[in-house]
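Some notes on the structure that comes next.
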Amino acid sequence: MLGRRPLPANDDGRLLIAGNWKMNKTYTQAVNLAQEISDRARREWASVADVVLIPPFTALRGVSNVIAFDRSFLRVGAQDCSPHQQGAFTGQISVDMLTDLDCAYCIVGHSERRGLLGETDADVAAKAAALEAAGVTPIVCVGEDREVYDRGATVEHVVAQVAGSLGGVDISTGGIAVAYEPIWAIGTGLVAAPDHAQRVARAIRERLASMYGDQQARRARVLYGGSVKPGNVAAFIACPDIDGALVGGASLKADDFCSIVTNACDAARA
Ligand code: 13P
């Protein structure tokens, strides 16, 4: 158990900075954006951060081709997956289909899917388990709405989401990233105060420690997401339990996304 000993952020200290493009960019636009990011990517990022582009499914091949052609250290990830291996699931995308396109990461349980499509913690856990079985790192999204935040119940809410969204999931193959994304901060320009985000990130790590033990909890990467911009990312990275960022709107502009990665890497080195 953790006891009173402070639990350091992830073992090797590597950041994870991921750009969630959501339902933006056609195939052609996505290839162009990936190329712009690849052209601006700096070698020195690679020693500090894993940087992941997460386009819509339709652009995964195009983005992974850009990365492969440029021999870039950038990685590609997906926004969702099916919990099923194959079969009669019209419209769904299996984990095998994603690994065949070089996906190393996959977002699960984004609040837009929980809210708009009624995804439950159990649905998210089934998807995370399918990813782990293939060695893909799930980026499990959790976060409270404004009402929960105003009641001061964020930590309980988020910790329960972590427990439910990873219930029974073995994380030893793919590792794990948990993105704390307050719903009220997504796409609004509002950001969580870094000390609030740190408190939540710490509680997430403690919960992971009680589920998986200290070692796995130290390896986990806890991200902040919600209106991350070049000007605010450093304050989150400076928090001891925050190991990266899940970026939405600002990941759609190469200059902004690259500034976020650069500023995050500088903050991690500081
Ligand atoms: P914004 O950065 O646009 O607030 O989106 C955050 C998000 O939902 C990333 O998954």
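Computed from a predicted structure; not experimentally measured. We number each residue from 1, following the sequence as shown. Side chains are part of it too, since the values below use all heavy atoms of this structure and drop only hydrogens, waters and symmetry mates.
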Notebook entry, point to check: Can you check side-chain contact (heavy atoms from CB on, under 4.5 Å) on Y27 and T58, steps first, answer last?
Noted result: CA-CA 6 Å; Y27 179 86; T58 47; 5.6 Å; no
Margin query: Taking V191 as the starting point, is it possible to reach I242 by hopping between hydrophobic residues whose side chains are less than 4.5 Å apart?
Written below: yes
Notebook entry, point to check: Should the pair D50-R221 be classified as a salt bridge under the 4.0 Å nitrogen-to-oxygen rule?
Noted result: yes
Notebook entry, point to check: If you measure from OG on S38 to CZ on F69, what distance do you get to the nearest 0.5 Å?
Noted result: 10.5 Å
Next item on the list: Can you label the angle between the Y224 ring and the F236 ring as parallel, tilted or perpendicular, going by 30° and 60°?
Entry: parallel
Checklist line | CD (E44) with more than 12 external heavy atoms under 6.0 Å | finding: yes
Item checked: T120/V124 under side-chain contact (heavy atoms from CB on, under 4.5 Å): CA gap, chis, key distance, verdict -> CA-CA 6 Å; T120 64; V124 178; over 6 Å; no
Next item on the list: Ignoring hydrogens and angles, state whether a donor on the side chain of S47 or R269 is under 3.5 Å from an acceptor on the partner side chain.
Entry: no
Item checked: Polar contact flag, side-chain donor to acceptor under 3.5 angstrom, Q79-W21 -> no
Next item on the list: Evaluate the side-chain contact (heavy atoms from CB on, under 4.5 Å) criterion for residues F257 and V51: first the C-alpha distance (whole Å), next the side-chain angles of each, then the deciding distance (0.1 Å), finally the verdict.
Entry: CA-CA 10 Å; F257 185 65; V51 182; 3.8 Å; yes
Margin query: Can you tell me how far apart OG1 (T173) and CD (E132) are? Round to the nearest 0.5 Å.
Written below: 6.0 Å
Next item on the list: Kindly check if the number of other-residue, nucleotide or ligand heavy atoms within 6.0 Å of CZ (R75) is above 12?
Entry: no
Margin query: In this structure, would V162 and V200 fall into the same cluster of hydrophobic residues linked by side-chain contacts under 4.5 Å?
Written below: yes
Note to self: Taking NZ in K229 as the centre, count heavy atoms belonging to other residues, nucleotides or ligands within less than 6.0 Å. Is the count above 12?
What the structure shows: yes
Notebook entry, point to check: Looking at D243 and R205, does any basic side-chain N land under 4.0 Å from a carboxylate oxygen?
Noted result: yes
Notebook entry, point to check: Roughly how far apart are Q92 CD and H84 NE2, rounded to 0.5 Å?
Noted result: 5.5 Å
Next item on the list: For side-chain hydrogen bond (donor to acceptor under 3.5 Å, both in side chains), just list the numbers for D170 and S172, CA-CA rounded to whole Å, side-chain angles, deciding distance to a tenth of an Å, and then say yes or no.
Entry: CA-CA 6 Å; D170 177 350; S172 55; 2.6 Å; yes
Check: Can the ring centres of Y149 and H157 be said to be less than 6.0 Å apart?
Finding: no
Item checked: Point-to-point distance, once rounded to the nearest 0.5 Å, from CG of L166 to CG of D121 -> 9.0 Å
Next item on the list: Find the distance between CG (L53) and CD1 (I17) and round it off to the nearest 0.5 Å.
Entry: 12.0 Å
Note to self: Let me confirm one number: the CD-CD1 distance from Q161 to I204, rounded to the nearest 0.5 Å.
What the structure shows: 9.0 Å
Item checked: Counterpart residues, side chain to side chain donor-acceptor pair (under 3.5 Å), relative to E119 (two or more places apart) -> R113, K127
Item checked: Partner of I54 by side chain to side chain contact (heavy atoms under 4.5 Å, CB included), out of L60, V76, I139 -> I139
Checklist line | side chain to side chain donor-acceptor pair (under 3.5 Å) partners for D255, two or more places apart | finding: R40
Margin query: Would Q216 and I171 count as a side-chain contact (heavy atoms from CB on, under 4.5 Å) here? Give the steps.
Written below: CA-CA 8 Å; Q216 301 257 44; I171 60 166; 4.0 Å; yes
Checklist line | Greater than 12 external heavy atoms within 6.0 Å of Q86's CD | finding: no
